[in-house]
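Note sheet for the following structure.
Atoms considered below: every heavy atom in the structure, side chains included; atoms not considered: hydrogens, waters and symmetry mates. Nothing here was measured: the structure is a model prediction, and the numbers come from that model.
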Amino acid sequence: MHCISLPSSHLLLHSPPKTTLKLASHVSPRMFFNDSATNNNSGSTNGFSLIKNVSQLLWGASLPPGILISTVRTAWTSTWQIMMSQLAPSDPSGAYTRPPSKFRLNPTAATTKLHLYVGLPCPWAHRTLIVRALKGLEEAVPVSVAGHGLDGSWEFKDVPDKDNDILVPTMDRVNRCRNLKEVYRLRKGGYDGRATVPMLWDVEKKEVVCNESYDIIEFFNSGLNELAQHPGLDLSPLELKEEIEEWNRVIYPNVNNGVYRCGFAQSQEAYDVAVSGLFSTLARIDDHLGSSRYLCGDRLTLADICLFTTLIRFDLVYNVLFKCTKKKLLEYTNLHAYMRDVYQIPKVAATCNFLEIMDGYYRMLFPLNPGSIRPVMPSVCEHEFLCRPSEREAMSSVGKRVQHVLTCNVEP
């Protein structure tokens, strides 16, 4: 995820000409200037008051003239298209095309001294945090958590940990960089591409090991078992690999990337195609989960982790900001219970910082939300609601296997 912001603009008030103007509204120029002069609020508030008073002076209580509305609409549309072309590259139809990951994993080149870089709003980074936690790799693979910057970059900042139960943004704990782009540039030969999360870093070689999320979670699942606290937990068993891959082929384009194809669509036609694929796929999965605890039966797999990180953000962000409005996830009985079931697995909830997720989308994706106003969190997305019993354990004869593996022999 990589976002763009615009440079600040400045409004200048020029002295009015000496000729007298007849105004349709009863606004006194003296009142106008006195109001600005006596405003003791911040600069942004003064700027807003200035704009408001200028508009009252020009056309009173009436709407702005049509030619101004048309001009502003054209200017904004052109600017929006420029920003979206960088934020969300599209094909000729206006459909979002996700850029491929630059650094793919070479397991033989990876060392045991690794460091993980993530951002809490990002669903792709969230996958790696969950698998890292479930496998018990917290000590073997330390993490630095970047926060969202106003310019759309990933920045490191020391956020007081008021709640020890969830992850929060941190400083760069290994390279002491100010932002993620600086970390990427430390590698041999530098790097001027998109600085994305998640990113797995080789501490000794100062090199990017991988920034493709699925490569990382596969590696965490099976490539570091000698360092894992739960080496017996296999989220991609050989006998289920084909089924996992089948689900990934359905879920990635239509759900994981599907919500982005809705939100980043740059034409009505592209949006219509994306939203149709998204909701038809959600209906299919909801129907499947009516008789299966997880996607692949009784066992939690990487396919479930990949689906979960999109579902947990659906009513929180995608339903509103990305225009995925046909149905809320809450309206899917099986899907919502399934999401709560995964959320309640030990250590998963600690990876879900809902305020950081909302800030990362509503305040980082300026082209989709120019006012940067973060809406109130839906009550159904609050921790207490998500902890309501899912009642899905009864669907599996080995329904408590995951919880058993994760809770046995674990130090508090």
Side-chain angles (χ1 to χ4, degrees), residues 100-118 122-143 167 196-205 207-252 256 292-310 342 345-348 350-351 396 398-411:
S101 299
K102 176 72 174 178
F103 301 94
R104 301 302 299 268
L105 181 68
N106 178 3
T108 60
T111 66
T112 56
K113 197 161 186 180
L114 300 169
H115 194 84
L116 180 65
Y117 286 96
V118 299
C122 177
W124 319 99
H126 196 179
R127 300 173 171 188
T128 66
L129 285 173
I130 293 175
V131 177
R132 170 179 172 268
L134 296 183
K135 290 289 293 186
L137 289 168
E138 295 94 330
E139 293 184 6
V141 186
V143 66
L167 288 170
T196 61
V197 291
M199 189 264 277
L200 192 60
W201 179 258
D202 187 319
V203 177
E204 295 176 340
K205 297 178 181 178
E207 181 59 78
V208 177
V209 176
C210 183
N211 67 352
E212 165 53 47
S213 65
Y214 203 82
D215 287 357
I216 295 174
I217 62 175
E218 284 191 311
F219 180 58
F220 282 0
N221 178 61
S222 59
L224 296 173
N225 276 337
E226 69 278 8
L227 302 173
Q229 294 179 14
H230 306 301
L233 177 65
D234 189 355
L235 299 169
S236 185
L238 183 61
E239 66 272 18
L240 293 178
K241 275 191 180 294
E242 185 175 343
E243 190 174 356
I244 291 170
E245 290 173 0
E246 287 179 4
W247 276 116
N248 287 340
R249 284 192 290 268
V250 171
I251 292 168
Y252 171 77
N256 298 148
S292 180
R293 185 178 184 186
Y294 300 115
L295 290 172
C296 298
D298 291 341
R299 297 188 65 170
L300 182 80
T301 67
L302 294 181
D304 297 294
I305 304 303
C306 292
L307 177 58
F308 170 81
T309 59
T310 296
V342 176
I345 293 174
K347 295 187 177 184
V348 172
T351 67
S396 170
V398 290
K400 297 184 179 180
R401 176 173 7 187
V402 173
Q403 284 80 356
H404 177 74
V405 170
L406 293 173
T407 53
C408 287
N409 303 317
V410 178
E411 295 181 2

| field | Nearest non-hydrogen partners of L116 and F220, listed with the distance | value | CD2-CE2, 4.1 Å
| message | Is any side-chain heavy atom of L114 closer than 4.5 Å to one of F219? | response | yes
| said: For F103, is there any backbone N or O sitting under 3.5 Å from a side-chain donor or acceptor partner on N211? | reply: yes
| said: Would V143 and Y117 count as a side chain to side chain contact (heavy atoms under 4.5 Å, CB included) here? Give the steps. | reply: CA-CA 6 Å; V143 66; Y117 286 96; over 6 Å; no
| remark: Distance col, row Y252:OH vs C306:SG, nearest 0.5 angstrom, shows 11.0 Å
| field | Side-chain heavy atoms of V348 within contact of F308, under 4.5 Å | value | yes
| said: I'd like to check E204 versus D202 (side-chain heavy atoms, cut-off strictly below 4.5 Å). Are they in contact? | reply: yes
| The single option from T310, T351, T309 passing side-chain hydrogen bond (donor to acceptor under 3.5 Å, both in side chains) against H126 | T351
| query | What distance do I244 atom CD1 and L238 atom CG have between them, rounded to the nearest 0.5 Å? | reply | 10.0 Å
| field | 4.5 Å side-chain heavy-atom contact, T196 and W124 | value | no
| So which heavy atom on E138 is nearest to which on R132, and how close? | O-NH2, 3.3 Å
| request: Can you establish whether the number of heavy atoms outside E226 located under 6.0 Å from its atom CD is more than 12? | output: yes
| Between CD of E218 and OG of S213, what distance do you get to the nearest 0.5 Å? | 10.0 Å
| field | Nearest atoms (heavy-atom pairs only) where C296 meets E243 | value | CA-OE2, 3.5 Å
| field | Reported CZ-to-CD1 distance for the pair R127 and I216, which is rounded to 0.5 angstrom | value | 10.5 Å
| said: Pair L295, I251 - check side chain to side chain contact (heavy atoms under 4.5 Å, CB included), show working. | reply: CA-CA 11 Å; L295 290 172; I251 292 168; 3.6 Å; yes
| request: Could you list the residues that satisfy side-chain hydrogen bond (donor to acceptor under 3.5 Å, both in side chains) with D304, not counting sequence neighbours? | output: T301, Y338
| query | Does L300 reach the side chain of L134, with side-chain heavy atoms less than 4.5 Å apart? | reply | yes
| task | Determine whether N221 and K135 make a side-chain contact, defined as any pair of heavy atoms from C-beta on separated by less than 4.5 Å. | result | yes
| query | At what distance, to the nearest 0.5 angstrom, does CG of L200 lie from CG of D215? | reply | 10.5 Å
| Side-chain contact, heavy-atom cut-off 4.5 Å: N256 with P123? | no
| query | Does a side-chain N-to-carboxylate-O contact under 4.0 Å join E239 and R299? | reply | yes
| From E245 CD over to S236 OG, what is the distance, rounded to the nearest 0.5 angstrom? | 7.5 Å
